[in-house]
Amino acid sequence: MLRGRMMDMPLLISSLIRHADRCHGDVEIVSRSVEGPIHRYTYADVHRRARQLAQALTRLGVRAGDRIGTLAWNGYRHLELYYGVSGMGAVTHTVNPRLFPDQIVYIINHAEDRYVFFDLTFAPLVEKLAPQCPGVEGWVAMTDRAHLPQAKIPGIACYEELVGAERGDYDWPQLDEWTASGLCYTSGTTGNPKGTLYTHRSTVLHAYAASLPDVFNVSSRDVVLPVVPMFHVNSWGIAYVAPMNGAKLVLPGAGLDGKSLYELFEAEKVTVTAGVPTVWLALLAYVMEHGLRFSSLRRAVVGGSACPPAMIRTFAEYGVDCSHAWGMTEMSPLGTFGSLRGKHLGMPPEKQFEARVKQGRAIFGVEMNIVDGAGNELPRDGKAFGDLLVRGPWVTSGYFKGEGGEILRDGWFPTGDVATIDADGYMQITDRSKDVIKSGGEWISSIDLENIAVAHPAIAEAAAIGVAHPKWDERPLIVAVKKPNAEITREELLQFYEGKVAKWWVPDDVVFVASLPHTATGKLLKTQLRNEFKAHALPK
Ligand code: AMP
């Protein structure tokens, strides 16, 4: 081998914030604070305060490899934790505050968090958690002395006092790039949550990939607002992508309703945003109801669960390019992105739309494969569907502390998604392995049925689930939420399926409900629905 002569420089998270400070030091980070007012400062400030935080943690005795928990919204102090904790060689463990308290207790104890930093919103929650988390040495309220909560929390400390006591003259250590940097537990619907342990290397590589023109395409001329939470898969990498590219960052805090988001979009001239479909439903409803327009927003990225095709069209009517992204906690999270190829540009909009509704093409770095039950590779014809396997430098090789044992199959990570891949490389999720409706030995895609339901103007949200059937094993049932003031009957919705799917795919029944259950991360909680409607009598 002829060895090349390039420098041996590790890929480190601290280099992202150092770069943002040096090259984009005056660029703003705007946060809707939990205390109320809008907070503004710059990348230079983030860098200084992250170093002060690293010094404060060192003073508390935090060492490399220790886990530091966070229970926090998207805000500037959370960003400082991202850089201060990981930068010093400890592990930023983002905990999803929307999980059930029992799950949170399990996660904090399993991770062995030494300190947990929390936003004021979560003080009542922390009061309940603290007695059950004896390993936590201190709970740090992310606020100043004046706003310190009155809650009974043992070892409570004040963030601003800890940080304010330090000078910030801290040199980031030159870590091995394989050092663990972040930890995020998956909120699986069954079993205990499992932790994905990211490295500095995987995080920086993922940030490069996420910045690419066919992915988030974020530049120093952009203003990015991640609605996707920093407590769930690193806000899809945006907390790293923005400093890498010098983009202005707008952090919405707890204000995730349509009105609060719209106001922030307009006031800060946001150009790019990302979030799950439920958030956009609320935003678009607000915008429509008040006859508003977006003056600066150009792109909205949708992922976390399938983007209803109708949403892509609605965004387009408002001049916003809505792209589909797919990924998972175990993938840092990005795997595919639904941007168009050159060949699509000359095509009629309907043809382009066929590509846009799919989950997208593999981002360089991620390889994908679809296989049948016996592990045989399936054709990439857009029709054959099978288990989706992935591999790449930001895909997990196993869960934290070896939970779940060996999870790879011949070096591939089984995603638990069922998908097709077409000749142009676009992947389309047809279902979760456990959600497909199995009728007469054939599979019906629950997602396809849901997309058709929500394309009806009277339907706000819908879930398709399999209900036991004596002859066919399972038959599809639609559980749907009507739009406010909209009227539609069961028969009308069933008729809407005719001509859109094969006859045997048309659901057997429809039930209207006031709301659907979601997981803590905004996905439909189908296990609960299947339970609820287990005994549902389908019409003959
Ligand atoms: P999580 O690890 O909680 O982010 O969940 C990952 C799972 O969410 C994936 O395995 C998919 O089942 C689902 N998911 C994520 N993005 C999409 C998408 N764009 N379309 C459909 N499902 C998605």
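Numbering of residues begins at 1 and proceeds along the displayed sequence.
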Where the side chain of [X] meets the backbone of [Y], is there a donor-acceptor pair that is under 3.5 Å apart?
| X | Y | answer |
| --- | --- | --- |
| K194 | F400 | no |
| T329 | T186 | no |
| H518 | L525 | no |
| R299 | N217 | yes |
| E474 | V467 | no |
| D473 | A468 | no |
| D119 | T121 | no |
| E492 | T489 | yes |

Under 6.0 Å between ring centres: does that hold for [X] and [Y]?
| X | Y | answer |
| --- | --- | --- |
| F353 | H344 | no |
| H93 | Y185 | yes |
| W73 | F122 | yes |

Using atom types as modelled, flag every donor-acceptor pair under 3.5 Å from a side chain in residues 272-281 to any protein atom, sequence neighbours excluded.
from: T273; atom 1: OG1; to: L225; atom 2: O; distance (Å): 2.7
from: W280; atom 1: NE1; to: G275; atom 2: O; distance (Å): 3.2

When you compare the side chain of [Y] with that of [X], does any pair of heavy atoms fall below 4.5 Å?
| X | Y | value |
| --- | --- | --- |
| F385 | I370 | no |
| M244 | V241 | no |
| I429 | I447 | yes |
| Q528 | E532 | yes |
| V224 | T271 | no |
| M331 | W326 | yes |
| L538 | H469 | yes |
| F216 | I238 | yes |

### Task
For side-chain contact (heavy atoms from CB on, under 4.5 Å), just list the numbers for V357 and H324, CA-CA rounded to whole Å, side-chain angles, deciding distance to a tenth of an Å, and then say yes or no.
CA-CA 7 Å; V357 295; H324 213 163; 5.6 Å; no
### Query
For W472, does the CH2 atom sit with more than 12 other heavy atoms under 6.0 Å from it, leaving out its own atoms?
no
#### Entry: NZ (K259) with more than 12 external heavy atoms under 6.0 Å
no
What's the spacing between [X] [atom1] and [Y] [atom2] if we round to 0.5 Å?
| X | Y | atom1 | atom2 | result |
| --- | --- | --- | --- | --- |
| Y198 | L205 | OH | CG | 14.5 Å |
| L71 | F117 | CG | CZ | 12.0 Å |
| S31 | Y76 | OG | OH | 7.0 Å |
| N96 | I104 | CG | CD1 | 7.0 Å |
| I421 | L388 | CD1 | CG | 6.0 Å |
| L477 | R530 | CG | CZ | 12.0 Å |

### Task
Any pair with a residue in residues 478-508 that passes ring pair (Phe, Tyr, Trp, His ring centres under 6.0 Å), sequence neighbours left out, goes on the list, sorted by first then second residue, please.
H456-F496
### Summary
Here the ring pair (Phe, Tyr, Trp, His ring centres under 6.0 Å) pairs for residues 283-310, sequence neighbours left out, are Y262-F294, Y286-H290
How close do [X] and [Y] get, counting heavy atoms only, and between which atoms?
| X | Y | value |
| --- | --- | --- |
| P507 | L449 | CG-CD1, 4.4 Å |
| T92 | S86 | OG1-OG, 2.7 Å |
| V91 | A180 | CG2-O, 3.8 Å |
| V302 | W236 | C-CH2, 4.2 Å |
| C184 | V233 | SG-N, 3.5 Å |
| A207 | Y240 | CB-CB, 3.9 Å |

### Ion pair check, K248 and D222, cut-off under 4.0 Å
no
### Query
Between E461 and K483, is the closest basic N to carboxylate O distance under 4.0 Å?
no
Quick one: salt bridge (charged side-chain N to carboxylate O under 4.0 Å, His left out) partners of [X], sequence neighbours excluded?
| X | answer |
| --- | --- |
| K383 | none |
| D508 | R475 |
| K482 | E487 |
| K438 | none |

### Task
Given side-chain hydrogen bond (donor to acceptor under 3.5 Å, both in side chains), test H78 with T70 step by step and report yes or no.
CA-CA 8 Å; H78 207 177; T70 67; 2.9 Å; yes
### Task
Kindly write out the residues that satisfy side-chain contact (heavy atoms from CB on, under 4.5 Å) with S397, not counting sequence neighbours, or none if the list is empty.
L408
### Query
Which salt bridge (Lys or Arg N to Asp or Glu O under 4.0 Å) pairs, counting each pair once, include a residue from residues 347-364, with sequence neighbours left out?
D214-R361, R313-E350, D321-R356, K351-E354, K358-D422
### Task
Please collect all salt bridge (Lys or Arg N to Asp or Glu O under 4.0 Å) contacts where either partner lies in residues 273-285, sequence neighbours excluded, each pair once.
none
Please check if any side-chain donor atom of [X] sits under 3.5 Å from a side-chain acceptor atom of [Y], or the reverse.
| X | Y | answer |
| --- | --- | --- |
| T199 | S181 | no |
| K526 | S446 | yes |
| N245 | S211 | yes |

### Query
After noting the C-alpha distance and the side-chain angles of S295 and E266, does the key distance pass the side-chain hydrogen bond (donor to acceptor under 3.5 Å, both in side chains) rule?
CA-CA 7 Å; S295 63; E266 289 303 306; 2.5 Å; yes
### Query
Can you check salt bridge (charged side-chain N to carboxylate O under 4.0 Å, His left out) on K500 and D448, steps first, answer last?
CA-CA 10 Å; K500 296 191 176 75; D448 279 3; over 6 Å; no
Please output the side-chain donor-acceptor pairs of residues 509-517 that fall under 3.5 Å, not counting sequence neighbours, one pair per line with the distance.
from: D509; atom 1: OD1; to: R490; atom 2: NE; distance (Å): 2.5
from: D509; atom 1: OD2; to: H536; atom 2: NE2; distance (Å): 2.8

### Message
Enumerate the side chain to side chain donor-acceptor pair (under 3.5 Å) contacts for residues 364-381, please, sequence neighbours excluded, ordered by first and then second residue.
### Response
E367-R391, D372-N376
